[in-house]
S.K.: 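My questions will all concern the structure given below.
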Amino acid sequence: MQQMTTAEKLAMVKSMMGITDTSEDTVITNYLACAEREILTWRYSYGTIPESVPVEYEMTQIHAVLAGYNLRGAENQTSHSENGITRSFSYTDMVRYIRNNVIPLCKIL
């Protein structure tokens, strides 16, 4: 399996969210960068950190971006009720999603 470029990840996220213009490209690219950094520092906290997300965690990165992006404006909110409609979120933020779906490596000292 070949590693995806940032442009390919951006296109996939936009497609999944139904965004057809470039108005959110900078925001989504920033989310991708933040998710990448979190995945790498969480997974490789006790070793040499690679330059990019391993192929096996690229979809985790994309889903983390979707989780983070779709919670914008609902920071720190785990449930919401309005007009008889109740909403709650499986993951309270992008970091929690990553930490629940990325296996950190360990090192024996």
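By convention here, the first residue in the shown sequence is residue 1.
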S.K.: Would you name the heavy atoms of Ser52 and Glu36 that are closest together and state the gap between them?
M.R.: CA-OE2, 3.6 Å

S.K.: Is there a side-chain contact between Thr26 and Tyr31 (heavy atoms, below 4.5 Å)?
M.R.: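 When only atoms from C-beta onward are counted, Tyr31 and Thr26 do not touch, as no gap falls below 4.5 Å.
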
S.K.: On a heavy-atom basis, which atom in Thr6 and which in Leu32 lie closest, and how many Å separate them?
M.R.: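 Shortest heavy-atom contact: O-CD1, 4.2 Å.
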
S.K.: For residues Gln3 and Glu58, report the shortest heavy-atom separation together with the two atoms involved.
M.R.: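 Minimum heavy-atom separation between Gln3 and Glu58: CG-OE2, 2.9 Å.
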
S.K.: Considering non-hydrogen atoms only, spot the tightest contact between Val55 and Gln2 and give its length.
M.R.: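 The answer is CG2-C, 4.2 Å.
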
S.K.: Take Val53 and Thr60, measure what side chain to side chain contact (heavy atoms under 4.5 Å, CB included) needs, and give me the verdict at the end.
M.R.: CA-CA 10 Å; Val53 173; Thr60 301; over 6 Å; no

S.K.: From Leu10 CG over to Met4 CE, what is the distance, rounded to the nearest 0.5 angstrom?
M.R.: 10.0 Å

S.K.: Taking all heavy atoms of Val102 and all of Trp42, pick out the closest pair and write down the distance.
M.R.: O-NE1, 3.1 Å

S.K.: When you compare the side chain of Asp21 with that of Lys14, does any pair of heavy atoms fall below 4.5 Å?
M.R.: no

S.K.: Heavy-atom count check: over 12 atoms from other residues, nucleotides or ligands less than 6.0 Å from Ile103 CD1?
M.R.: no

S.K.: For side chain to side chain contact (heavy atoms under 4.5 Å, CB included), just list the numbers for Glu51 and Leu40, CA-CA rounded to whole Å, side-chain angles, deciding distance to a tenth of an Å, and then say yes or no.
M.R.: CA-CA 8 Å; Glu51 291 187 23; Leu40 294 175; over 6 Å; no

S.K.: Is the closest side-chain heavy-atom distance between Met59 and His63 below 4.5 Å?
M.R.: yes

